Amino acid sequence: MPELPEVETVARGVDKRIRGDRIVQAWFASRPQTFKNAPALQAKGLTGCTILGVHRTGKHIVFELGGETRKPGNDRVKRDRRKASPAHESDAQWIVHLGMTGRLLVTGAETPVAAHTHARLDLASGRELRFVDPRRFGRLEFRNLREGSQAFQAPGAEPLTIEAGAFAELFRGRRTPIKAALLNQSLLAGVGNIYADESLFRAGLRPQRQAGRLSAAELERLRLGLREILEQAIRLGGSSVSDYVDADGERGFFQLEHCVYQRTGEPCRRCQKAIRRVELAGRGTHYCPVCQR
DNA sequence: ACAGGCTCCTGCAGGC
DNA sequence: TGCCTGCAGGAGCCTG
């Protein structure tokens with residue numbers, strides 16, 4: 001299931017492959033829940049656009065697009081994906097959320113179309129960008145920034161760069177369990193079930209603890225633990241970047257050794273006590289009863 | 001404003 | 001072996 005590190009890896013892989021390419025035709029299935037605005041509108045908007053760059057914001061993949069008249073290699077192309085300035089220079093954006101099972105594939109035109117393919121973009125290079133999503137929790141949205149749409153912004157803060165004070169402020173006064181708060185995308189954008197559990201283990205905190213009652217020191221352990229685990233996962237994902245958007249691509253993430261996630265009953269890597277599982281915020285939640293207090 | 005529960009959807013694991 | 005049930009989860013929506 002794609003969370004911040006997986007989405008980052010996909011965005012980098014897609015960017016590397018199709019930056020500068022042009023969309024000559026777009027085909028969308030008619031599955032209404034997959035599209036935040038009408039598939040016909042998305043197909044029309046995307047056709048003729050040049051892909052200036054692809055980057056990640058929270059769990060969303062954002063395609064920065066230039067209008068039909070713009071040439072590839074134009075000097076207005078955004079070169080640094082990390083400096084996502086609010087003053088967007090692109091004419092339009094295509095925003096992809098992978099949900100649970102969404103995949104973006106760059107394929108040859110002759111590659112057989114997989115089941116559950118909901119969108120196909122024909123590129124000037126002869127390749128195709130395909131969106132495949134069996135469970136259909138993914139979402140696609142087109143925004144024309146020249147016709148009044150706002151540039152996409154994740155609702156929550158970026159966990160890789162948020163500073164100590166701002167991080168603590170997110171949780172102040174919240175009575176909800178810290179695990180639920182971590183999953184709340186309007187607070188932090190990009191944390192899902194795996195990295196919520198793993199970061200709480202790193203910080204030595206019980207997932208049930210009330211978010212607003214954590215001390216400054218505990219919150220700082222959590223902020224740093226979360227950042228470390230995300231950065232580590234991005235590095236591991238990075239080892240398979242070149243394959244990830246291909247059919248067999250997810251190999252890189254198997255290298256990530258989970259400490260608690262889906263290890264119910266197995267010995268804690270730190271103290272050997274059996275990992276416990278509870279349900280919190282409707283999600284399976286895993287922790288070590290000794291190491292997490 | 002906040003918190004918690006329900007819903008969507010399909011593949012897969014587990015049980016008999 | 002094969003069928004059936006239930007579980008997994010991101011986020012939007014509804015209710016309290």
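Just so we're on the same page: letters track the sequence lines, and every chain starts at 1. Note that these values count all heavy atoms, side chains included, but never hydrogens, waters or copies made by symmetry. Predicted, not measured: the structure shown is a model, and the values here were computed from it.
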| Contact letters for nucleotides 11-16 of chain C, in which S counts primed atoms plus P, OP1 and OP2 and B counts the base, heavy atoms under 4.0 Å | B-----
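When heavy atoms are screened at a 4.0 angstrom cut-off, A/Gly284 is found touching the sugar-phosphate backbone but no base atom. A/Arg136 comes within 4.0 angstrom of sugar-phosphate atoms only, judged by non-hydrogen atoms across all strands, and of no base. Contacts of A/Tyr261 with the nucleic acid, taken as non-hydrogen atoms under 4.0 Å apart, involve only primed sugar atoms and P, OP1 or OP2.
A 4.5 Å side-chain heavy-atom check between A/Val14 and A/Arg17 finds every atom pair outside the cut-off.
Applying the salt bridge (Lys or Arg N to Asp or Glu O under 4.0 Å) definition to pairs two or more places apart or across chains, those involving residues 267-293 of chain A are A/Glu257-A/Arg269.
Between A/Glu279 atom CD and C/dA8 atom C1' there is a gap of 11 Å when expressed in whole angstrom units. Between A/Asp133 atom CG and C/dG9 atom P the separation is 16 Å, expressed in whole Å. Distance A/Met100 CE to C/dA8 C1': 6 Å, rounded to the nearest Å.
Hydrophobic clustering (ILVMFWY, side-chain heavy atoms < 4.5 Å, transitive): A/Leu280 and A/Leu205 are in distinct clusters. Both A/Leu65 and A/Leu104 are part of a single hydrophobic cluster, where members link through side-chain heavy atoms under 4.5 Å apart.
Taking the six-membered ring where the residue is Trp, the centroids of A/Phe35 and A/Phe28 are separated by under 6.0 Å.
In summary, the side chains of A/Gln42 and A/Trp94 do present a donor paired with an acceptor at a separation below 3.5 Å, with no hydrogens or angles considered.
With C/dG10, B/dA3, C/dA8 as the candidates, the nucleotide lying closest to the side chain of A/Glu3 is C/dG10.
For C/dG9, neither phosphate oxygen OP1 nor OP2 lies less than 4.0 angstrom from any side-chain nitrogen or oxygen of A/Thr101.
Within a 6.0 Å sphere centred on CD of A/Gln272, heavy atoms belonging to other residues, nucleotides or ligands number more than 12.
With respect to A/Phe152, the ring-ring contact (aromatic ring centres under 6.0 Å, His included) criterion is satisfied by exactly one of A/His60, A/His55, A/His97: A/His60.
Using modelled atom types, one side-chain atom of A/Glu3 and one backbone atom of A/Ile194 make a donor-acceptor pair closer than 3.5 Å.
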Within the sub-3.5 Å range, which N or O atoms of nucleotides 5-7 of chain C have a protein N or O partner, and how far apart are they?
none

